[in-house]
Protein chains: 4
Amino acid sequence: MNPRSTSRTKPQSLRVRMKEEARAAILDAAEQVLSEQGLHATRMDDIAAQVGVSVGTLYNYFEDRQQLLLALLEVRARDLLALLDAELEQSQGSPYRARLYGFLRCVLEHSQSHFRLFSVLLEEGPRHSRPKDEPAQRRYQQELARELLRRVELLCEDGLRQGALRPEDVRHYPMLLLGMVHSVLFQQFHMKQPVPVDESIAPLLRCFLDGATPRP
Amino acid sequence: MNPRSTSRTKPQSLRVRMKEEARAAILDAAEQVLSEQGLHATRMDDIAAQVGVSVGTLYNYFEDRQQLLLALLEVRARDLLALLDAELEQSQGSPYRARLYGFLRCVLEHSQSHFRLFSVLLEEGPRHSRPKDEPAQRRYQQELARELLRRVELLCEDGLRQGALRPEDVRHYPMLLLGMVHSVLFQQFHMKQPVPVDESIAPLLRCFLDGATPRP
Amino acid sequence: MNPRSTSRTKPQSLRVRMKEEARAAILDAAEQVLSEQGLHATRMDDIAAQVGVSVGTLYNYFEDRQQLLLALLEVRARDLLALLDAELEQSQGSPYRARLYGFLRCVLEHSQSHFRLFSVLLEEGPRHSRPKDEPAQRRYQQELARELLRRVELLCEDGLRQGALRPEDVRHYPMLLLGMVHSVLFQQFHMKQPVPVDESIAPLLRCFLDGATPRP
Amino acid sequence: MNPRSTSRTKPQSLRVRMKEEARAAILDAAEQVLSEQGLHATRMDDIAAQVGVSVGTLYNYFEDRQQLLLALLEVRARDLLALLDAELEQSQGSPYRARLYGFLRCVLEHSQSHFRLFSVLLEEGPRHSRPKDEPAQRRYQQELARELLRRVELLCEDGLRQGALRPEDVRHYPMLLLGMVHSVLFQQFHMKQPVPVDESIAPLLRCFLDGATPRP
DNA sequence: AATGAATGAGCTTTCATTCAT
DNA sequence: TATGAATGAAAGCTCATTCAT
């Protein structure tokens, strides 16, 4: 699922590089476990076993469980956001429909390999927040979710500028779009067969842009 | 949030009635806690404290934690499904748009007071699935989610018959609709201000039926 | 197993009589449960269910669980001891072998219907004695066990007087006899088929009196 | 009472050795506690305190309480059975009386340091059998008890072959012998003074072989 | 007197975290 | 730096006991 997906290639000292590698490996393992067990059920022992190191080692790279999982969310979110930024940048000037298509394609492709995480990102975090727990995680996840939403908003603003979106509802579109995307991902996850991205996007796009009502 | 939402009105012996009341009170408390802490973090002690009884009492009403939470999901789901069935029945024969509107209104109104639960119903179950865990809960939740989806499918089939939905994408609509509904609920939950249902439905409906693209 | 086995028929006021009946019924139930579950696993609820009353009622007749079980042991022990005393009294003057036979017959017949209890009496009590626990039960059981032993000792002394027992080992005989009796009961319990008492006693007696070595 | 009674002498890696040591230490502690409290009253906390570790540690060595206690019974039983097998082997060809003496000596010596356990092995298991409890322990204990009985049976068969035992009662002898042994141990335990083994065996043997009746 | 729901201390088990090697 | 056994604070569940009805 995630073969060293975060290959940051900043040239640095060997030691630092290896440390980065190890961190990344741990995060990959954490994602793997989290995908199978869920956020709460993800135990440090399982992550360690997945990486092939001992628990103690995890604590050489992360403050504690909370920080590890937070780092996982952050890294993956940054990856997605960076991807989306690149896509948005590259498609600048294109017609809205094309940009939206590219954007959704980007989200879906990335999220297919990280669905569980994406889902946690949107949903699971705010829960599991007993009063004593640091609200850090919650706030952070919300921030990330907001970042994602912001990209969609930017895109929608462009659609508005292009005259491709109805002005009266435009402020609702980002949210509705993300909702549809989520449902598509969710369904794909449950069917456990990776539906080709295009087959998922096309109806979504038609529905969103043209509506479900037939036209003459 | 949930003032005795399960209003069973079977006239019964006092003892039985009180037992039902107590059960309902526990479930309400459980929902409250679950809403704040999430499914996994919901501890028996917290539920007990919320009802104002001691732990032991919970076990007089429910086999164990698993059964308690399952009962909560079941009761709430049954409530929602019953509501939807009533709505669908009552609106039979009406034009699709009106039926859809009524349906969504129904879902939103009910779900506003039980958002977290609704969310758990759709999402959290499939996770937290360590081998030892009884698959009962998982299967059950999936079944309930499917029940919900089935209602939307019925509605969409009617839309198709009425010529109000495009045949080529109709099989995707239920899922997309639920996705949008979920995002609306989710947003409302996070903004913590109960947006009037109509204000939420209108754009959703316009987007779904007419699309986001402006018409001349 | 124990249909009102302790029918003390002291003529008393109706009220007192009924109270005694109830007490006896509870003890019978307790024995039944204890026989099936063991001393420690015997719960008040189970006893109550067995009698057909509610837990609270048990506490109207006995101080607490400890006292109830203690009373059970005491009553049954008194029954057995009284039986043995009667037997010893009645057989006074008979030859040793006959007295011993009658005695053992008495023990076995009584113990067959109360094997579990008999076993607890001899064995289980001394355990389950955390420092905080009242040593009352322990001391009491030991006392009862000693009472039983004393009867056998009396019998053996008579055997000695009659010249039917070897003087040099006579002080060991009571204990050895009880050990053999216990093993017989234990085996019968495990085989779950009530072997006729005579078939059990005969070999025991032959072994004890004549030894296992063949004679010409 | 039990100074590292399981002397496994397989030379192994240090780590493995220490793990074995720790396991053995835990079992010794468990036996100590069990001897004082009884099977059912033996709490994990107490065992941990006895070893001088914390509860969690116990679970690093044993699946759960049930497995720990089962392991204890198994190890001790294996020790005893191995001892008896060695004794029987070594005494092969000797006259019955000598063999029996050696055998009993063996049992008594070993059991003196493990009396409580021995007692549990023979007695306590079959009790405490609520339906939900895994029948594993019960069956296992019965099996071990049977193993012990089998040894005695073998010995008695040899006695029969040697013409040292009466054929008509030989099938009862193993049980009766074990009963006498048990009573001897039981008494010693209660007197809390370790009577010299010979002083216990001699009367037992005389009684069993020659009977209690004086001979001319 | 009888009831049985409520209580809460007590027990087993889990798992994030530490620290000696 | 890596290890993994030890730790001990939780958390789920049980059951003797109480007390309002």
Side-chain angles (χ1 to χ4, degrees), chain A residues 15 18-19 22 40-49 51-69 130 132, chain B residues 14-15 18-19 22-23 40-48 51-68 130 132, chain C residues 15 18-19 22 40-49 51-69 130 132, chain D residues 14-15 18-19 22-23 40-48 51-68 130 132:
Chain A
R15 170 146 310 168
M18 286 188 59
K19 216 168 152 100
H40 219 91
T42 294
R43 298 185 294 108
M44 295 300 272
D45 274 357
D46 293 339
I47 299 176
V51 212
V53 300
S54 71
V55 245
T57 302
L58 302 184
Y59 287 86
N60 290 332
Y61 292 89
F62 299 92
E63 187 81 11
D64 58 15
R65 180 179 180 276
Q66 165 100 323
Q67 296 308 311
L68 194 162
L69 294 176
R130 314 205 42 230
K132 57 175 182 176
Chain B
L14 180 64
R15 169 131 317 160
M18 286 188 57
K19 244 193 121 91
R23 253 186 83 99
H40 226 93
T42 294
R43 297 185 296 104
M44 296 302 273
D45 275 356
D46 293 339
I47 298 176
V51 213
V53 300
S54 70
V55 234
T57 301
L58 302 185
Y59 289 88
N60 290 335
Y61 291 89
F62 299 92
E63 186 84 9
D64 58 14
R65 183 181 176 279
Q66 165 99 322
Q67 295 308 312
L68 195 163
R130 312 198 53 217
K132 60 177 180 177
Chain C
R15 169 144 314 165
M18 287 188 59
K19 218 169 148 92
H40 219 93
T42 294
R43 298 186 294 108
M44 295 300 272
D45 274 356
D46 293 340
I47 298 175
V51 211
V53 301
S54 71
V55 244
T57 301
L58 303 185
Y59 287 87
N60 289 333
Y61 291 89
F62 299 92
E63 186 82 11
D64 59 15
R65 180 179 180 278
Q66 166 98 324
Q67 295 309 312
L68 194 161
L69 294 177
R130 314 205 43 231
K132 58 176 183 178
Chain D
L14 181 62
R15 169 129 319 156
M18 288 187 57
K19 248 195 119 91
R23 254 186 83 99
H40 226 91
T42 294
R43 298 188 294 104
M44 295 301 272
D45 274 356
D46 294 339
I47 299 176
V51 212
V53 300
S54 70
V55 233
T57 300
L58 303 184
Y59 289 87
N60 290 335
Y61 291 88
F62 299 93
E63 187 85 9
D64 57 16
R65 182 180 177 280
Q66 163 100 322
Q67 295 309 310
L68 195 162
R130 314 200 51 217
K132 62 177 177 176

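Just so we're on the same page: letters track the sequence lines, and every chain starts at 1. Predicted model only: the values in this text are computed from it and were never measured.
Atom pair D:Lys19:NZ and F:dG4:C1' shows a separation of 9 Å (rounding to whole Å applied). Atom CG of D:Leu58 is separated from atom P of E:dT13 by 10 Å (rounded to the nearest Å). The distance between atom CD of D:Gln67 and atom C1' of E:dT12, rounded to the nearest whole Å, is 14 Å. As a whole-Å value, the separation of D:Asp46 CG from E:dC11 P is 8 Å.
To the nearest 0.5 Å, the span separating CD1 on B:Ile47 from OG1 on B:Thr57 amounts to 12.5 Å. A distance of 10.0 Å separates OH of C:Tyr59 from CD of C:Glu63, quoted to the nearest 0.5 Å. To the nearest 0.5 angstrom, D:Tyr61 atom OH is 5.0 Å from D:Lys19 atom NZ. Note that the CG atom of B:Leu58 and the CG atom of B:Asp45 stand 8.5 Å from one another [nearest 0.5 Å].
Listed nucleotides: F:dG4, F:dT7, E:dT7. Nearest to the side chain of A:Ser54: F:dG4. Of the candidates E:dT7, F:dA5, F:dT3, the closest approach to any side-chain atom of A:Val53 belongs to F:dT3.
In this entry F:dC13 has E:dG10 as its Watson-Crick or G-U wobble partner, both defining distances falling under 3.5 Å. The nucleotide F:dA20 finds its pairing partner in E:dT3, both defining distances of the Watson-Crick or G-U wobble pair being shorter than 3.5 Å.
Mapped onto DNA chain E by nearest heavy atom, C:Tyr61 and D:Asn60 fall at different nucleotides, with C:Tyr61 at the one closer to the 5' end. Along DNA chain F, the nucleotide closest to A:Thr57 and the one closest to D:Gly52 are compared, and the more 5′ of them pairs with A:Thr57.
The shortest side-chain heavy-atom distance between B:Leu68 and B:Arg65 does not fall under the 4.5 Å cut-off.
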B/S/- contact track for nucleotides 16-21 of chain E, protein heavy atom under 4.0 Å:
SBB---
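In this structure, A:Asn60 has no side chain to side chain contact (heavy atoms under 4.5 Å, CB included) partners at least two apart in sequence or on a different chain.
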